[in-house]
2 protein chains.
Amino acid sequence: MARKQKTGSTNANETRENLLKLAARTFGTQGYSATTMRAIAEQAGIEAASIYYHFSSKEELVDEVMEQGAGRIVQELNGHIEALGPDATAEQRFRAAVLGQMTGLVKHGDFALAHGRLLGQLPEAVRERQVKRRERHQKLWNGLLEGLRTEGRLRGDVDIHLARIFILGSINSIQSWFNPRKGALEKIADQLCDMFFAGVSPPAS
Amino acid sequence: MARKQKTGSTNANETRENLLKLAARTFGTQGYSATTMRAIAEQAGIEAASIYYHFSSKEELVDEVMEQGAGRIVQELNGHIEALGPDATAEQRFRAAVLGQMTGLVKHGDFALAHGRLLGQLPEAVRERQVKRRERHQKLWNGLLEGLRTEGRLRGDVDIHLARIFILGSINSIQSWFNPRKGALEKIADQLCDMFFAGVSPPAS
DNA sequence: GTCTATAATGGGATAGAC
DNA sequence: GTCTATCCCATTATAGAC
C-alpha cells in the first residue's frame with residue numbers, strides 16, 4: 001500500500017518525479033544546452049527558481065534523467081530474460097533481450113530517448129559515468145552473443161563485435177520510427193531476429 | 001589549375017572553408033546550442049564578429065554544414081555505384097552503396113558526424129530542409145533494396161522497410177567506433193554485407 | 001577582411017519573503 | 001515548497017573604425 005509522506009504541504013516527491021519526466025522529454029527533443037530550466041519549469045507550472053528546491057543544478061537534473069533512462073532499459077531487458085527461467089537456450093535469451101530492449105525503449109520513451117541522444121552533449125562528470133554504464137551494457141550483449149557461439153548458433157567466421165554493433169544499431173533505431181499502430185513490437189523483434197539469425201547461423205545443411 | 005581570387009587581401013574563400021570545417025567539428029561534438037560563435041572563431045584565430053562577414057548568422061552556418069555533410073555522403077555513395085558501370089547486378093550496386101556510404105562517413109568525418117547528430121537540434125527552417133533530404137536518401141536505399149528483390153536476392157517475406165532500417169542503422173553506427181588501424185573499411189563493409197545477405201537471401205538449396 | 005565596442009536578450013543560480 | 005527579485009555572465013548580432 002502507498003506510504004504517507006513525512007513532509008506536509010504539497011508532495012515534494014510527486015513534483016520531483018513530474019519535473020524529471022518533463023526534463024527527460026525536453027532534454028531528449030531539444031538537447032542538453034537548448035533545454036532551459038525556465039522551459040522545464042513552465043511545463044510544470046512553476047517558476048525556474050523552484051526547481052532548485054528539488055535539484056541542486058541542471059547538471060544533477062540531467063544526471064538523474066540519464067540514470068533513469070539507462071536503468072529502465074536494463075531493467076526491462078533483464079526482466080524479459082529472467083522470465084524465461086534458468087533452462088532457456090542462448091537463442092531464447094537473445095531473442096528475449098532484443099524484445100526486452102525494444103520494449104524498454106518504447107515503454108520509457110522520454111527517458112530512453114534522452115539517454116540515447118544526450119551522451120555526446122553532457123557535462124564531463126555526467127558523461128564519464130554514463131560512458132561506463134554503456135560499456136557495461138555492451139558487455140551484457142557480448143555475453144549474450146558468446147552464449148550463442150557456445151551453443152553453436154553463430155558461424156565461426158562471424159565477428160562478435162560487429163554482430164553486436166549490427167543488432168544494437170538496429171534495435172536502437174526503433175526510437176526514430178516505431179509506431180504502435182504499424183505492428184506489434186513482438187512481431188518486429190521477431191522479424192529482426194529472423195534476419196539476424198538467418199545471417200549468422202550456419203547453413204542448415 | 002588554381003584560379004586566382006578577384007578579392008585582394010587575405011583570401012575570403014579560404015577563411016570561409018576553414019570556418020565551415022571548424023564549425024562542422026564543433027557542432028558535431030558539442031551539439032548546436034552548445035556551439036558558440038566565439039568557440040568557432042577562437043579556433044580559427046579570429047573574433048566572433050568576423051564570422052559575420054562570411055556567414056549571415058549561426059543558422060546559415062549550420063545549414064551549410066548540414067548541406068555539405070549530406071552532399072558529401074551522397075556523392076561518395078553515388079561515385080562508388082557509378083564506378084561499377086551500367087551492367088552491374090543489384091547486389092554489386094548494393095555492396096558498392098554500403099562501402100560508399102561508409103567511406104563517405106569516414107572520409108568526411110566532421111561533416112558527416114554533424115549531419116548525423118544535429119537533425120533533432122536544428123532551428124525549424126533548417127531542420128525541415130534536412131528532413132526532406134533524408135527522405136530522398138532513404139528512397140535511394142529503398143530503390144537499391146527493390147533492385148535486390150527484382151533480381152531474386154531478397155526472400156519474399158522480408159520487409160524492405162525493416163531491412164533498410166537494419167542496414168542503415170548498422171552502416172551509420174560506424175561513426176562511433178571505426179578505427180582505421182583496426183581493419184580496412186572494405187573488409188568491414190564486406191562482413192556487414194555478408195551478414196546481411198546470408199539473412200535476406202533465399203536458402204541456397 | 002578583421003577589429004573593438006556594445007546592444008539586446010536570455011541563461012543558471014541564489015537570497016530571502018511568504 | 002514556491003514565489004519575486006536579482007546577480008552575473010554568456011550569447012547572437014550589429015555598427016563603425018581601420
Quiz item: Within the distance-only criterion (no hydrogens, no angle test), does the side chain of B:Asp63 pair as donor or acceptor with the backbone N or O of B:Glu59 below 3.5 angstrom?
Solution: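 Side chain of B:Asp63 to backbone of B:Glu59: no pair is present.
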
Quiz item: Does B:Glu128 use its side chain to pair, donor to acceptor, with the backbone of B:Ala125 at less than 3.5 Å?
Solution: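 Absent.
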
Quiz item: Just to confirm, is there a sub-4.0 Å distance from OP1 or OP2 of D:dT2 to any side-chain nitrogen or oxygen of A:Tyr53?
Solution: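 Indeed not, no polar side-chain atom of A:Tyr53 lies that close.
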
Self-check item: Phosphate-side-chain proximity, A:Ser50 and D:dC3, N/O vs OP1/OP2 below 4.0 Å
Solution: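 For D:dC3, OP1/OP2 do have a side-chain N/O of A:Ser50 under 4.0 Å.
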
Quiz prompt | Contact check, side chains of B:Thr26 and B:Asp110, non-hydrogen atoms, under 4.5 Å | solution =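 SC-SC contact between B:Thr26 and B:Asp110 ruled out.
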
Practice problem: May I ask you to test the B:Arg127-B:Met66 pair for a side-chain heavy-atom distance under 4.5 Å? | Solution: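 Of all side-chain heavy-atom pairs linking B:Met66 with B:Arg127, none is under 4.5 Å.
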
Taking only N/O atoms, report every protein-nucleotides 9-12 of chain C pair under 3.5 Å with atom names and distance.
{"from": "C:dG12", "atom 1": "OP1", "to": "A:Thr35", "atom 2": "O", "distance (Å)": "3.4"}
{"from": "C:dG12", "atom 1": "OP1", "to": "A:Lys58", "atom 2": "NZ", "distance (Å)": "3.2"}
{"from": "C:dG12", "atom 1": "OP2", "to": "A:Met37", "atom 2": "N", "distance (Å)": "3.0"}
{"from": "C:dG12", "atom 1": "N7", "to": "A:Arg38", "atom 2": "NH1", "distance (Å)": "3.1"}

Quiz item: Could you go step by step and tell me if B:His115 and B:Gln130 meet the side-chain contact (heavy atoms from CB on, under 4.5 Å) rule?
Solution: CA-CA 9 Å; B:His115 175 257; B:Gln130 295 303 328; 4.2 Å; yes

Take atom [atom1] of [X] and atom [atom2] of [N], then tell me their distance rounded to the nearest Å.
X       : N      : atom1 : atom2 : answer
B:Glu17 : C:dG1  : CD    : P     : 14 Å
B:Leu19 : C:dG1  : CG    : P     : 13 Å
A:Ile46 : D:dG1  : CD1   : P     : 12 Å
B:Asn18 : C:dG1  : CG    : P     : 15 Å
A:Asn11 : D:dT2  : CG    : P     : 10 Å
A:Phe55 : D:dG1  : CZ    : P     : 14 Å
B:His54 : C:dC3  : NE2   : C1'   : 12 Å
B:Glu47 : D:dC18 : CD    : C1'   : 15 Å

Self-check item: ring pair (Phe, Tyr, Trp, His ring centres under 6.0 Å) partner of B:Phe166, the single match among A:Trp177, A:Phe196, A:Phe166
Solution: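 It is A:Phe166; the other options fail the test.
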
Quiz item: Where does the angle between the aromatic ring planes of A:Phe94 and A:Trp141 fall among parallel (under 30°), tilted (30 to 60°) and perpendicular (over 60°)?
Solution: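 Answer is perpendicular, since the angle exceeds 60°.
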
Practice problem: Tell me, please, whether B:Tyr52 has B:Lys58 positioned over its six-membered ring: NZ or CZ under 6.0 Å from the ring centre and within 45 degrees of its axis? | Solution: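 Geometry flag: not set, cation outside 6.0 Å or 45°.
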
Quiz item: With sugar-phosphate meaning primed atoms plus P, OP1 and OP2, does A:Ala49 contact a base, only sugar-phosphate, or nothing at under 4.0 Å between heavy atoms?
Solution: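 Result for A:Ala49 = base.
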
Quiz prompt | Steps toward side-chain contact (heavy atoms from CB on, under 4.5 Å) verdict (B:Gln101, B:Glu76) | solution = CA-CA 7 Å; B:Gln101 180 150 333; B:Glu76 202 75 41; over 6 Å; no

Quiz item: Between the two end axes of the helix from C:dG1-D:dC18 to C:dC18-D:dG1, each built from 5 base pairs, what angle do you get to the nearest 10°?
Solution: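 End-to-end axis angle: 10°.
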
